[in-house]
Trainee: 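Take a look at the following structure, please.
Values below: all heavy atoms of this structure, side chains included; hydrogens, waters and symmetry mates excluded.
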Amino acid sequence: MHIAISMKKKHHYKKKPSIFKKWTGKLHLWFGLSIGLIIFIVSITGTLFVFKDEVENFTRKDVIYHNEQNIAQKQILPIRVLEKAVDAQLKEKYKIHWVNVPIDKKMSYQFYWYEHNTAAWNYFDEFPIYKVAYVNPYTGKVLRTYDEKNGFFSIVKSIHWSFLLKQDWGKYVVGIPVIIFVIMLISGIILWWPKNKSARKQRLSFKWKNIKNWKRKNYDLHNILGFYSSIFALIFSITGLFYAFFIVQAMIYFVFSGGNTVYPDFSHITTKAPIEQRNETTLDKVIHTVQAKYPNSFGFAIDLGHPHMDDHEHPNFSVFVKHLSYSYHKNSSLIFDENSGELLHTYNHEDKNFGEKTVAANYDIHVGSILGLPTKIIAFIVSLICASLPVTGFLIWWGRRKKTKKAV
């Protein structure tokens, strides 16, 4: 009798979830069921993309370096001579768009064809060509070409970015569910958060010693892994939304720049020299200037100046210098006179305010390359956990649904 009374008292004092937590749980469930598949696809493609550079550096290692002998006694060919040699070997119907020029003279030049058809509605029609040729800069010989458009990582990236739809509006098909996912992450933390310290300790680790029920293990996987990954998942989600919504870019810049609302604009620095000064060696002058200014950088990209399908007016001729091999966030921008090749303006990493540096680092934070391999491993694990959350969440709902049916 005494035991029965004690048990009644125990259950009598067990508090029910608050109305706020109850409706937070319903919202979490409804959102999860509605966007679960999309979040799974976005997360799993993000997981696959993390080690893109490492995989390509391994599979292309025999052409990344040209292996030309005695280069100290040889001269790199002028860029227009190289362009003509590459065109003659590959005979593409499109003009070469840009060239990646490495600072390390042992490395091959990378010649890119890239055309953007703005009238298309899907990825495969939107880019008629996206191709790269690895070229020995001392001989002009094409070592190998890669069809980047139909390559594994490009397709994975397009699925992640826009579900293989046109980028201009496909990014919203991904972006809107990611906004909902951010709400789910916050609601998940609210649902996880216990009312006291002892309960909190129980929710921070797996205690499966005497647990054989798969439903309990699945529940723990969803809650514990979801909690530990939530902060990083929020960071990766927000840095992804950066590309879908301009307002996110503006907010990030505003917050980290200390309230600045105007991004630095150098469009007033333009070509002044007459077009008659432009010749076959103008780009070589630009290349030599960049190489002399940044001998310790990784490399830079230079546009060959041909018209293209989505040709748009550029206010000035700029060159983007990448200082690190594994990351884009540390960079410099140089503006040149397009006709004379004269350097007009230099804007280094050190010249930028914290907001500009944060914006420049957004891509590297999103893909996990900001600090190299350690942050890539974090990005890989968190993306994998994010892909598992819709699965474990669905299984929790399905198990409860079956239990409710049996009770009825």
Trainee: What I want to find out is whether Glu342 reaches Arg278 closely enough, with some N-O distance under 4.0 Å, to be called a salt bridge.
Mentor: no
Trainee: Is Lys84 atom NZ crowded by more than 12 heavy atoms from other residues, nucleotides or ligands, each under 6.0 Å away?
Mentor: no
Trainee: Using a 4.5 Å cut-off on heavy atoms from C-beta on, say whether the side chain of Thr281 contacts that of Arg80.
Mentor: no
Trainee: Decide whether Glu68 and Asn136 meet the rule of one side-chain donor and one side-chain acceptor closer than 3.5 Å.
Mentor: yes
Trainee: Going by atom types alone, do Ser327 and Asp364 pair a side-chain donor with an acceptor below 3.5 Å?
Mentor: yes
Trainee: Would the distance check show the side chain of Lys166 and the main-chain N or O of Thr118 forming a donor-acceptor pair, the cut-off being under 3.5 Å?
Mentor: yes
Trainee: Using atom types as modelled and distance alone, determine if a side-chain donor or acceptor of Thr375 lies under 3.5 Å from a backbone N or O of Gly368.
Mentor: yes
Trainee: How long is the gap from OG1 on Thr346 to CG on Asp351, to the nearest 0.5 Å?
Mentor: 8.5 Å
Trainee: Assess whether salt bridge (charged side-chain N to carboxylate O under 4.0 Å, His left out) is satisfied between Glu148 and Lys157, documenting all intermediate values.
Mentor: CA-CA 11 Å; Glu148 300 284 29; Lys157 182 182 177 181; over 6 Å; no
Trainee: Hey, are the side chains of His349 and Asn331 touching, using non-hydrogen atoms and a 4.5 Å cut-off?
Mentor: no
Trainee: Where do Thr24 and Ser187 come nearest, in terms of heavy atoms and distance?
Mentor: CG2-CB, 3.6 Å
Trainee: Are Tyr112 and Asp303 close enough that a side-chain donor and a side-chain acceptor fall under 3.5 Å?
Mentor: no
Trainee: Minimum heavy-atom separation for Ser43 and Ser383, please, with both atom names.
Mentor: CB-O, 3.5 Å
Trainee: Just by modelled atom types, is the Trp214 backbone N or O under 3.5 Å from a matching donor or acceptor in the Asn218 side chain?
Mentor: no
Trainee: Do the side chain of Asn260 and the main chain of Val262 share a donor and acceptor less than 3.5 angstrom apart?
Mentor: no
Trainee: More than 12 heavy atoms of other residues, nucleotides or ligands under 6.0 Å from NZ of Lys141: is that the case?
Mentor: no
Trainee: Quick check, are the ring centers of His345 and Phe266 under 6.0 angstrom apart?
Mentor: yes
Trainee: Under 3.5 Å, sequence neighbours excluded: what are the donor-acceptor pairs made by side chains of residues 95-102?
Mentor:
from, atom 1, to, atom 2, distance (Å)
His97, ND1, Tyr114, O, 2.9
Trp98, NE1, Asn100, OD1, 3.2

Trainee: Sequence neighbours left out, what passes side-chain contact (heavy atoms from CB on, under 4.5 Å) with Val42? Give chain and number order.
Mentor: Ile38, His160, Phe163, Val174
Trainee: Going by heavy atoms in the side chains, are Phe254 and Thr261 under 4.5 Å from each other?
Mentor: yes
Trainee: To the nearest 0.5 Å, how far apart are OG1 in Thr392 and OH in Tyr219?
Mentor: 11.5 Å
Trainee: Working to the nearest 0.5 angstrom, can you tell me the gap between Phe256 CZ and Thr358 OG1?
Mentor: 5.0 Å
Trainee: Taking C-beta and beyond as the side chain, do Glu356 and Tyr347 meet within less than 4.5 Å on heavy atoms?
Mentor: yes
Trainee: What pairs of residues pass the ring pair (Phe, Tyr, Trp, His ring centres under 6.0 Å) test when at least one of them lies in residues 22-53, not counting sequence neighbours?
Mentor: Phe51-Phe380
Trainee: Should we count CZ of Phe394 as having more than 12 external heavy atoms under 6.0 Å?
Mentor: yes
Trainee: With rounding to the nearest 0.5 Å, note down the distance linking CD1 in Ile252 to CD1 in Ile247.
Mentor: 11.5 Å
Trainee: Rounded to the nearest 0.5 Å, how far apart are CD1 of Ile41 and CD1 of Ile35?
Mentor: 12.0 Å
Trainee: Can the ring centres of His323 and Phe298 be said to be less than 6.0 Å apart?
Mentor: no
Trainee: Using every non-hydrogen atom in the two residues, find where Asn316 and Thr270 come nearest and quote the distance to one decimal.
Mentor: CB-CA, 4.4 Å
Trainee: With a 4.5 Å heavy-atom cut-off, do His66 and Tyr138 have their side chains touching?
Mentor: yes
Trainee: Taking Ser154's backbone N and O only, do any of them form a donor-acceptor pair with Ser158's side chain (distance below 3.5 Å, no angle check)?
Mentor: no
Trainee: Do Phe245 and Tyr172 have ring centres separated by under 6.0 Å?
Mentor: yes
Trainee: Can you list the residues that meet the salt bridge (Lys or Arg N to Asp or Glu O under 4.0 Å) rule with Glu54, with sequence neighbours excluded?
Mentor: Lys376
Trainee: Looking only at atom types and distance, does a side-chain atom of Asp337 sit under 3.5 Å from a main-chain N or O of Thr271, one as donor and one as acceptor?
Mentor: no
Trainee: Between Tyr109 and Tyr134, is the gap from one ring center to the other below 6.0 Å?
Mentor: no
Trainee: Any side-chain heavy atom of Thr145 within less than 4.5 Å of one from Val132?
Mentor: no
Trainee: Quick check for you: to the nearest 0.5 Å, what is the distance between Ile378 atom CD1 and Leu373 atom CG?
Mentor: 10.0 Å
Trainee: Is the ring pair His308/His306 parallel, tilted or perpendicular, if the boundaries are 30 and 60 degrees?
Mentor: perpendicular
Trainee: Quick one: closest heavy-atom pair of Cys386 and Phe181, and the distance?
Mentor: SG-CZ, 4.0 Å
Trainee: Tell me whether Tyr146 at atom OH has more than 12 heavy atoms from other residues, nucleotides or ligands lying less than 6.0 Å away.
Mentor: yes
Trainee: Would a distance-only check, ignoring hydrogens and angles, find a side-chain to backbone donor-acceptor pair under 3.5 Å from Lys26 to Lys21?
Mentor: no
Trainee: Less than 4.5 Å apart, side chain to side chain, heavy atoms only: is that true for Val359 and Asn362?
Mentor: no
Trainee: Got a list of side-chain donor-acceptor pairs under 3.5 Å for residues 285-293, not counting sequence neighbours?
Mentor:
from, atom 1, to, atom 2, distance (Å)
Lys285, NZ, Ser340, O, 3.4
His288, ND1, Asp284, O, 3.1
Thr289, OG1, Lys285, O, 2.9

Trainee: Do you know the tightest heavy-atom contact between Phe336 and Gly341?
Mentor: CD2-O, 3.5 Å
Trainee: Suppose we call two aromatic rings close when their centres sit under 6.0 Å apart. Are Tyr130 and Trp113 close by that rule?
Mentor: no
Trainee: Show your working on salt bridge (charged side-chain N to carboxylate O under 4.0 Å, His left out) between Arg216 and Asp220 and close with a plain yes or no.
Mentor: CA-CA 6 Å; Arg216 178 66 199 183; Asp220 285 348; 3.4 Å; yes
Trainee: Under 4.5 Å between any side-chain heavy atoms of Met309 and Phe127, yes or no?
Mentor: no
Trainee: Got more than 12 heavy atoms from elsewhere within 6.0 Å of NZ, Lys74?
Mentor: yes
Trainee: List the atom of Ser108, the atom of Tyr65, and the distance in Å for their closest heavy-atom pair.
Mentor: OG-C, 3.8 Å
Trainee: Could you tell me which residues satisfy side-chain contact (heavy atoms from CB on, under 4.5 Å) with Leu77, sequence neighbours excluded, listed by chain and number?
Mentor: Val81, Leu82
Trainee: Determine, for Lys357 against Glu350, whether the closest basic-nitrogen to carboxylate-oxygen distance falls under 4.0 angstrom.
Mentor: no
Trainee: Check the pair Asn348 / Tyr294 against side-chain hydrogen bond (donor to acceptor under 3.5 Å, both in side chains), numbers first and verdict last.
Mentor: CA-CA 11 Å; Asn348 290 318; Tyr294 303 102; 2.5 Å; yes
Trainee: Decide yes or no on side chain to side chain contact (heavy atoms under 4.5 Å, CB included) for His222 and Leu389, but give the supporting numbers first.
Mentor: CA-CA 6 Å; His222 187 79; Leu389 293 177; 4.0 Å; yes
Trainee: Determine, stepwise, if the pair Phe300 / Phe320 fulfils ring pair (Phe, Tyr, Trp, His ring centres under 6.0 Å).
Mentor: CA-CA 6 Å; Phe300 55 96; Phe320 178 90; over 10 Å; no
